[in-house]
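This one's a predicted model, so the numbers in the text were calculated from it and none came from an experiment.
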Amino acid sequence: MAIPHWLLMSALFLLALMAQILAQEPGCSVSNNNPSVPENKCPYVVATTQVQPGFTLTIDPKYPDGQFFTIEGSELQLTKCVDYEEDTVLLLYLICKDTAGQSESLEILVTILNENDNCPVFPQPSITRDVPEATEVDTAIVAREEVTATDADLDIIYYELNTTVQNTDGYFAIRGVNNPEIYLQKALDYDKFHSTTLLLYARDRPVNSSEHTNTATATITITIKQSDTRAPWFLPCTQLHNDTSVCISSPYSGRVNISEISRDPLLLEPGPIYAVDPDYTISDRIVYSIVGGNTNEVFSVDADTGNLTMNKIVTSPGSFLLQVMATQVSNVRKYSVATVEIKVINKSNFPPYFEKGVYNGTVFVGLPQRSFVYQAGDPSTPLVITAMDQDFPDKVNPNIEYYLKNSTDFIATRDGLILTNKVLESPGTVTIQAVGKDVLSLQEASTIIVVEVILATAVATSDKRYSAQDMAILGGTLAALLLIALVFLGVMVWKSSRWYSTSFKHLVKKKFSKEISEGHQNKYYQEDEQPGVSPKQRETSETSSVPAETPVPEQPALALHFSSAQETESLPKGSIASTVIFDQEEEEKEEEAGQEKEVKSILKTERHVADDGYKAVWFKTDVDPEAGERVEVIEDNAADDVNDDDDSDQDLQKNEEEEEEGSDTDSHHQGLGVSFSSESSSPPAAEVTVYMSHTGAGTEDTEV
């Protein structure tokens with residue numbers, strides 16, 4: 001069967017098209033034409049290749065970057081490490097050839113990746129600076145450019161500053177974590193340190209970063225140069241709180257004699273006038289001058305040495321208070337002023353002396369500090385050293401002070417007493433040199449003290465002495481007991497204030513009436529008036545006419561005599577009736593002395609007008625109204641004027657009257673009793689009439 005013509009033509013066209021397509025397909029290929037490679041990584045597979053049969057693939061040697069690569073099988077490898085800081089990209093060409101000799105090129109661009117593989121670098125790893133002590137705070141010590149580090153990786157640099165010298169922290173600092181400029185943060189002091197070493201760190205990561213960090217270090221050596229910052233110091237001086245930058249000097253003192261002039265430099269205490277520049281590395285020269293207190297230009301000072309001399313004599317005692325200034329020659333603003341006291345005294349013709357060359361004393365082991373040292377052989381007398389001075393009439397110089405030279409176990413007081421300065425633990429013998437110094441003339445005398453330290457058991461118990469501490473404890477105990485006694489007494493007084501306030505008025509009245517009765521009664525005369533009647537019977541007969549409305553018995557009336565109407569008016573208005581009793585104690589005393597006298601009573605109902613000077617008192621019921629003599633009856637209105645007393649006063653009065661009544665009954669009128677009656681507690685008292693007759697002056701009646 002014949003093939004159609006159109007079908008044959010279509011097959012031929014397809015064959016030609018396929019041959020053309022096969023002819024256009026490349027013989028070589030690469031998986032990645034633009035790969036990336038980390039720096040410093042080799043060998044490293046850059047890409048993979050594909051080569052068709054009949055083709056070959058090679059690296060074009062005309063390009064220099066081809067030396068870093070090689071083809072191993074189907075892998076394109078980087079065989080030589082590349083540093084990003086040197087090469088950032090590599091250009092590579094591959095040649096693909098077929099069997100016919102035809103070739104083509106393949107371009108590959110390799111990018112190098114940067115890694116943190118470089119440390120920061122300081123321009124100067126070691127720096128030295130001299131810094132003056134007077135440098136102001138916040139001054140730059142090392143400029144930023146000198147301590148700025150660089151990093152090839154172009155990382156941000158972080159800085160940190162530390163010191164390696166102890167006690168120099170805080171004086172220097174950097175401006176910031178990314179600014180390494182070093183500046184002075186605190187004022188310098190040459191006396192505290194002369195130099196220090198700083199370490200400046202540069203890091204390409206923050207301090208607390210977890211990433212790998214590269215660090216560089218720079219060393220900065222700081223040397224402090226002393227500056228002229230302080231004024232002169234007068235010597236000797238004492239450093240304040242162990243601070244070597246401050247030294248406090250004491251005033252100077254000296255003496256001169258009245259009406260004498262000394263051509264030599266004056267001797268001063270604690271030493272001659274002398275000042276130094278405390279900035280000793282500079283040690284500027286010092287000059288001296290007197291700037292005050294030099295009245296009449298008596299003294300002068302050497303400008304270079306500071307020696308003080310006299311220009312004139314002084315004719316009267318007193319003192320000069322000089323002000324001496326020390327100034328630096330190169331800087332007059334650096335100066336100091338010291339006080340020099342010069343006392344003008346009487347000349348001392350005789351030095352002090354001790355009458356004894358050796359003083360002997362004893363002290364016990366174990367006594368507390370500041371215990372007395374006693375005289376040897378007399379443990380009750382403290383040891384006292386005394387220096388005499390013939391310049392004084394009594395040889396007692398009040399200006400002498402005592403001190404001990406070669407012993408720290410004992411001390412001497414201003415009065416010359418020797419005391420222990422510590423607790424002595426073992427027996428033995430101590431030899432001490434004692435000095436008595438005249439603080440005005442500065443003359444001294446010395447003596448020897450031999451102290452025997454003995455055990456306390458070597459002395460009898462009766463000779464035991466007590467220390468000041470023991471006496472202080474005893475005094476404190478006695479004071480506490482006295483305080484307790486005072487508190488107890490105060491409580492007792494407070495408790496007694498209740499009855500005392502209510503009975504005080506009554507007791508005063510009773511005492512006052514008693515004093516009046518004692519001043520005007522005559523017990524012996526009363527006894528003579530009724531010799532045959534006992535005191536108890538007289539009391540019963542005389543009080544029977546008075547109505548008894550209370551249980552308190554009435555007492556016999558007391559005759560009173562007053563020299564004027566003023567005395568009569570001074571009687572208390574509350575007094576209603578007075579009672580007279582015999583003082584048994586006085587009678588007992590008289591009986592013991594053998595003085596028995598007859599006592600006459602003036603309380604009678606009978607009248608004796610004929611007797612001159614006779615004084616009598618009658619109750620109103622016993623007065624005869626028809627008597628020829630003049631008799632006046634005085635109405636008793638005193639009861640209406642008496643103020644009401646407190647219930648407590650009434651009870652106290654009744655109790656006292658009952659006690660007096662019982663005492664009168666049992667003891668036959670023991671003592672003198674006076675009672676007061678009030679309107680609320682006693683019935684109206686008996687009215688009394690007093691008849692008085694004075695001999696030689698006529699008969700005169702007086703009302704009471």
Side-chain angles (χ1 to χ4, degrees), residues 253 255 267 269-271 345-478:
S253 62
R255 290 110 181 127
L267 297 178
E269 288 186 344
I345 63 173
N346 294 319
K347 183 178 181 180
S348 176
N349 297 316
F350 302 96
Y353 67 94
F354 286 97
E355 292 183 336
K356 293 183 179 181
V358 177
Y359 289 83
N360 295 291
T362 59
V363 68
F364 299 120
V365 172
L367 290 181
Q369 188 179 6
R370 308 289 179 175
S371 297
F372 287 113
V373 175
Y374 292 93
Q375 295 182 8
D378 187 3
S380 62
T381 304
L383 178 63
V384 182
I385 58 174
T386 304
M388 314 303 290
D389 193 339
Q390 294 182 0
D391 289 320
F392 294 83
D394 54 358
K395 297 185 179 181
V396 177
N397 186 350
N399 301 315
I400 292 180
E401 294 183 355
Y402 302 93
Y403 64 94
L404 305 181
K405 273 191 173 181
N406 59 340
S407 176
T408 58
D409 296 343
F410 300 88
I411 58 173
T413 67
R414 183 181 179 86
D415 298 327
L417 291 169
I418 308 301
L419 307 177
T420 60
N421 198 32
K422 69 175 186 179
V423 178
L424 303 176
E425 299 178 352
S426 60
T429 301
V430 181
T431 302
I432 309 169
Q433 183 180 6
V435 177
K437 181 178 181 180
D438 188 339
V439 296
L440 291 182
S441 66
L442 303 182
Q443 295 175 319
E444 295 182 351
S446 62
T447 186
I448 300 299
I449 303 175
V450 178
V451 180
E452 184 179 0
V453 183
I454 61 177
L455 295 174
T457 55
V459 181
T461 306
S462 59
D463 294 335
K464 181 180 179 181
R465 314 312 300 172
Y466 295 96
S467 64
Q469 289 81 356
D470 297 332
M471 300 306 295
I473 294 173
L474 178 60
T477 304
L478 294 177

Tell me, do L424 and V430 make a side-chain contact under 4.5 Å, heavy atoms counted?
no
At their closest point, which heavy atom of [X] faces which heavy atom of [Y], and how far apart are they?
{"X": "V451", "Y": "V373", "result": "CG1-CG1, 4.1 Å"}
{"X": "D378", "Y": "T381", "result": "OD2-OG1, 2.7 Å"}
{"X": "L417", "Y": "P382", "result": "CD2-CB, 4.0 Å"}
{"X": "T386", "Y": "Y402", "result": "CA-OH, 3.5 Å"}
{"X": "N406", "Y": "Q433", "result": "OD1-N, 2.8 Å"}
{"X": "A412", "Y": "I418", "result": "CB-CD1, 3.9 Å"}

Quickly, which of I448, I385, L404 forms a side chain to side chain contact (heavy atoms under 4.5 Å, CB included) with I432? Name it, please.
L404
Please name the residue in the list D438, I400, V435 that meets the side chain to side chain contact (heavy atoms under 4.5 Å, CB included) test with E444.
V435
More than 12 non-hydrogen atoms from neighbouring residues, nucleotides or ligands closer than 6.0 Å to NZ on K437, yes or no?
yes
If a pair satisfies side-chain hydrogen bond (donor to acceptor under 3.5 Å, both in side chains) and one of its residues is in residues 356-365, list it, with sequence neighbours excluded.
none
Tell me, please, which residues at least two apart from D391 pass side-chain hydrogen bond (donor to acceptor under 3.5 Å, both in side chains).
S348
Pairs involving residues 412-436, ordered by first then second residue, that meet salt bridge (Lys or Arg N to Asp or Glu O under 4.0 Å) (sequence neighbours left out)
E401-R414, D409-K422
